[in-house]
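All remarks here apply to the structure that follows.
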Amino acid sequence: FNFTYKPLKDSNGKVYAILHSAIDVTRQVQLQQQKDEFLGIASHELKTPVTSIKAYAQVLERMIRSEGDDKKANMVRKMDLQLNRLTGLIGDLLDVTKIQSGKMTYNPVKFDFNLLAKEIIEEMQHTTTQHQIRFEFEKDFTVNADKERIGQVITNFLSNAIKYSIDSQHIDVKSYRQNNEIILSVQDYGIGISKDLQHLIFDQFYRVGGNLQHTYPGLGLGLYISSEIIKNEGGRIWLDSDEGKGSTFYFALKE
Ligand code: ADP
């Protein structure tokens with residue numbers, strides 16, 4: 001039960017009664033659990049057919065291209081790229097259910113941090129013709145963390161940087177060491193985020209509202225998942241942003 005007490009006052013401010021209420025929250029908790037469970041099952045069920053369609057699309061593209069019909073092959077390629085987006089969205093939903101049920105697993109390994117960043121930058125560079133992603137790093141760092149999950153955070157920073165800076169040309173990625181931490185930053189010169197909303201963007205499902213919601217697709221889960229990953233690795237995640245000028249997203253991991 002959720003108990004609340006509210007004093008009722010007359011026009012002179014004198015308390016003349018106290019309102020007690022008791023709300024049975026069992027049902028609410030049950031419904032929330034059912035919702036979380038449903039989300040988990042639904043995203044799992046969606047993943048299987050999408051993976052299969054993706055495999056067929058790739059085979060089909062190769063077959064059509066080898067027959068010399070580039071126009072048709074490019075159409076299948078576009079299908080494949082959209083399927084990547086779908087796979088990403090389903091993956092995010094699955095991750096959220098894992099985080100909420102405490103079932104997210106982490107497998108720490110030692111890896112070359114800059115090499116991972118370079119691989120992801122190369123991959124993400126293929127998704128944009130308009131931006132040039134530049135990378136600057138001090139020296140090579142070895143990090144002990146879940147490589148795939150850290151890669152997921154870098155991918156999320158980069159895909160946001162690309163998505164929210166459609167009118168600019170550059171994205172700057174840096175990695176450096178500061179006070180026993182390895183820091184990665186991704187800077188864009190796009191729309192930025194107003195100061196009063198910055199504390200909200202790591203929340204689950206939060207998206208900056210207004211017209212922006214329609215212009216930029218997304219579920220508002222990427223930064224929430226990223227912050228959960230970084231916190232789990234004992235690191236820090238934050239941003240620096242000026243509305244209209246651009247944003248820099250950072251994460252730091254202990255050396
Ligand atoms: P999504 O991009 O799917 O909405 P995220 O969790 O990655 O979800 O981001 C949450 C919100 O933070 C976004 O909806 C957007 O409003 C804001 N945001 C994130 N990255 C940037 C960026 N680089 N520039 C401007 N706004 C951003």
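Indexing begins at 1, ligand by ligand and atom by atom, following the structure's order.
Counting heavy atoms closer than 4.0 Å to ligand 1, residue D188 contributes side-chain atoms (C-beta onward) but none from N, CA, C or O. In V208, the parts holding a heavy atom less than 4.0 Å from any atom of ligand 1 are both the side chain and the backbone. If you look at L221 next to ligand 1, the close heavy atoms, those under 4.0 Å, all belong to the backbone.
Taking any N or O of G222, backbone or side chain, at least one lies under 3.5 Å from an N or O belonging to ligand 1.
Using a cutoff of 4.0 Å between basic side-chain nitrogens and carboxylate oxygens, R65 and E61 are scored as salt-bridged. Between E181 and R236, at least one side-chain N (NZ, or NE/NH1/NH2) sits under 4.0 Å from a carboxylate O, which counts as a salt bridge. Salt bridge status for D112 with K118: absent, with no side-chain N to carboxylate O gap under 4.0 Å.
Looking at residues two or more places apart in sequence or on another chain, you find no ring-ring contact (aromatic ring centres under 6.0 Å, His included) involving H126. Partners of Y224 according to the ring-ring contact (aromatic ring centres under 6.0 Å, His included) rule, which considers only residues two or more places apart in sequence or in another chain, do not exist here.
In the hydrophobic clustering of ILVMFWY residues, with side-chain heavy atoms under 4.5 Å counting as a link, I41 and L39 come out apart.
Residue-ligand proximity, I193 to ligand 1, at heavy-atom distances under 4.0 Å covers atoms 18 (N), 25 (C), 26 (N), 27 (C). Below 4.0 Å from some heavy atom of G218 lie the following atoms of ligand 1, by number and element: 3 (O). For ligand 1, the atoms sitting less than 4.0 Å from at least one non-hydrogen atom of K163 are 1 (P), 2 (O), 3 (O), numbered in the order shown with element in parentheses. Contact atoms of ligand 1 toward L219: 3 (O) (distance under 4.0 Å to a heavy atom of the residue).
The closest non-hydrogen atom to atom 12 (O) of ligand 1, taken over N156, L200, I201, D203, comes from I201. Among G246, S159, G220, the residue whose heavy atom lies closest to atom 1 (P) of ligand 1 is G220. Nearest-residue assignment for atom 13 (C) of ligand 1 (options F202, Y206, F249, Y164; heavy-atom criterion): Y164. Summarising the contacts of atom 9 (O) of ligand 1 with L223, I225, I162, the nearest heavy atom is found in L223.
Between F249 and F202, the ring planes are perpendicular. Angles over 60° get that label, and only those under 30° would be called parallel.
Of all non-hydrogen atoms in I182 and E255, the two that sit nearest each other are CD1-CG, 3.6 Å. V186 and A161 get closest at one heavy-atom pair: CG1-CB, 3.9 Å.
Using 4.0 Å as the threshold, G190 has no heavy atom nearer than that to any atom of ligand 1.
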